[in-house]
A.B. asks: 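Quick one: the structure is below, questions incoming.
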There are 2 protein chains.
Amino acid sequence: MTRLKVYADRMSQPSRAVLLFCRLNRLDFDEIKVDISKRQQLSPQFKEINPMQKVPAIAHGTFNLFESHAILIYLATAFPRIADHWYPADIYGRAKINSVLDWHHSNLRHGAVTYVVNTVLAPALGYPLDPKAAAEAEKVLLYSLSKLEDVWLSGDGCFLVGGFQPSIADLSMVCELMQLEVLDEKDRIRILTPYKKVLRWIEATKAATSPHFDEVHNILFKAKRKFQEQRLREANFGTKPNKMGGLSKM
Amino acid sequence: MTRLKVYADRMSQPSRAVLLFCRLNRLDFDEIKVDISKRQQLSPQFKEINPMQKVPAIAHGTFNLFESHAILIYLATAFPRIADHWYPADIYGRAKINSVLDWHHSNLRHGAVTYVVNTVLAPALGYPLDPKAAAEAEKVLLYSLSKLEDVWLSGDGCFLVGGFQPSIADLSMVCELMQLEVLDEKDRIRILTPYKKVLRWIEATKAATSPHFDEVHNILFKAKRKFQEQRLREANFGTKPNKMGGLSKM
């Protein structure tokens with residue numbers, strides 16, 4: 001079978017989760033950048049790989065796959081010698097990981113993406129900010145954080161569903177929360193500070209996946225600095241960002 | 001192990017998908033009604049089963065599980081003699097089913113639920129209708145239907161991802177679309193008619209799951225008639241529905 005290809009943009013949180021899994025498990029793969037800020041995901045070439053025109057996607061021989069959770073499950077089960085904790089073979093452990101992955105879509109992901117887009121990223125993607133959508137999304141995000149704290153992180157271990165080692169769900173959901181790095185720092189702290197277990201879990205996942213975690217998130221830390229500088233300029237001179245200006249030079 | 005318990009409200013589309021799977025595969029189970037119109041999902045007793053306080057959920061011995069896709073995967077793999085087409089053991093077939101199930105959450109489900117709630121169900125659930133949210137949701141719903149038509153139903157068989165027999169994804173997504181039955185009939189026809197493969201797929205899934213499909217959907221057909229009668233009364237006399245009135249007597 002030909003070498004695995006991972007089509008990704010590291011500014012996309014599910015792309016980072018897939019890349020992180022590949023790095024952690026030393027998979028033999030090529031990372032192919034699909035630059036969202038240049039709308040490369042809409043190209044006819046990429047549509048052949050993923051007809052939904054979104055990242056991430058993989059090609060493994062003649063087999064193409066998209067949707068990051070499905071990709072993570074495929075990688076964890078198709079490649080040899082992947083440690084069991086990533087996606088347990090035990091039917092009950094696996095069911096719990098499936099449950100948290102499913103829950104993610106309409107809760108943490110929906111809340112975090114919509115909030116970040118409508119408070120920071122929209123102008124860089126060519127849309128106006130929408131404060132009403134941001135307010136609605138904040139409710140979903142805070143609800144999701146409270147359920148992470150009280151339900152998913154209520155077990156014995158410090159990872160999701162009580163795990164003592166991280167699973168693909170930890171990668172997916174911590175990468176999601178890392179997207180909050182591009183928020184105004186005061187806003188990010190206001191949102192996350194009440195959730196002590198969530199904060200410990202993020203740190204535990206970072207530690208368990210070091211040094212790959214920082215390597216995969218480097219672009220996001222650069223973006224964070226760019227947005228901070230931009231806010232400072234706006235505060236000092238009242239200038240507004242150009243369309244695409246926030247992302248295109250990263 | 002004690003007998004499987006399925007906590008469900010047949011007015012909820014993921015509840016119907018789980019019940020339909022159980023019936024089709026002749027699982028030995030008890031259906032326990034959690035009446036959403038009476039807010040029974042918020043009871044402390046049910047919170048013990050599902051801390052997210054949503055239906056469906058299952059209890060199988062001491063093992064509790066929620067999120068309908070995770071439940072369907074668990075049932076298809078935990079019980080003996082379940083036909084392979086429901087959730088293929090083959091890694092590629094399984095990955096494709098996982099992909100369409102993941103896609104469902106933020107696309108067809110998000111669009112259909114938000115549209116139906118904001119055009120019909122909201123008053124029965126104690127909320128006002130929101131035409132702006134309905135308009136946004138309609139875009140997601142129509143986009144999802146076009147992707148169902150052009151991507152997921154583009155294979156050789158008439159089921160999702162080219163299947164010749166239905167999978168758990170067909171159950172989940174046809175049950176989702178059945179929720180459109182409560183719309184004004186003209187509106188439902190306007191939305192679905194352009195998607196010929198989708199219409200054929202709904203009929204193929206109904207036929208492949210008969211007579212259980214109609215049995216599980218009976219409550220929805222009753223609701224459809226109630227909403228039709230209500231619309232007729234409103235057109236004739238200008239009366240508005242009571243809070244909870246649309247659902248509580250079904």
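Letters A, B, ... are given to chains in the order of the sequence lines, protein chains preceding strands, and every chain is numbered from 1. Since we're looking at a predicted model, the values are computed, not measured.
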A.B. asks: Keeping to residues at least two apart or across chains, list the salt bridge (charged side-chain N to carboxylate O under 4.0 Å, His left out) pairs with something in residues 98-117 of chain A.
C.D. replies: R109(A)-E176(A)

A.B. asks: Calculate, to the nearest 0.5 Å, the distance between atoms CD1 and OH belonging to I91(B) and Y74(A) respectively.
C.D. replies: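 The distance works out to 6.0 Å.
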
A.B. asks: For residues K96(B) and F63(A), determine if any side-chain heavy atom of one lies less than 4.5 Å from a side-chain heavy atom of the other.
C.D. replies: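 The answer is yes; the side chains approach within 4.5 Å.
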
A.B. asks: Just to verify, what does R23(B) make a side-chain hydrogen bond (donor to acceptor under 3.5 Å, both in side chains) with, not counting sequence neighbours?
C.D. replies: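 Listed in chain order: E215(B).
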
A.B. asks: Parallel under 30°, tilted from 30 to 60°, perpendicular over 60°: which one fits the rings of H105(A) and H105(B)?
C.D. replies: parallel

A.B. asks: How far apart are the closest heavy atoms of A70(B) and A95(A), and which atoms are they?
C.D. replies: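 The answer is CB-O, 4.0 Å.
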
A.B. asks: Residues in salt bridge (charged side-chain N to carboxylate O under 4.0 Å, His left out) with D30(A), at least two apart?
C.D. replies: R3(A)

A.B. asks: Between V100(B), N98(B), I73(B), which shows the greatest number of heavy-atom pairs under 4.5 Å with chain A?
C.D. replies: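 Looking at each of V100(B), N98(B), I73(B) in turn, N98(B) comes out on top.
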
A.B. asks: Report which part of H69(A) has an atom under 4.5 Å of a heavy atom belonging to chain B: side chain, backbone, both, or neither.
C.D. replies: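 Its backbone and side chain both get close to chain B.
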
A.B. asks: State, to 0.1 Å, how close F66(B) and S99(A) come at their nearest heavy-atom pair, and which atoms those are.
C.D. replies: O-OG, 2.9 Å

A.B. asks: Tell me the residues of residues 133-159 of chain A whose non-hydrogen atoms fall below 4.5 Å from those of chain B, in number order.
C.D. replies: Y143(A), K147(A), V151(A), W152(A)

A.B. asks: As an exercise, state the distance from NE2 of H104(A) to OG of S106(B), rounded to the nearest 0.5 Å.
C.D. replies: 9.0 Å

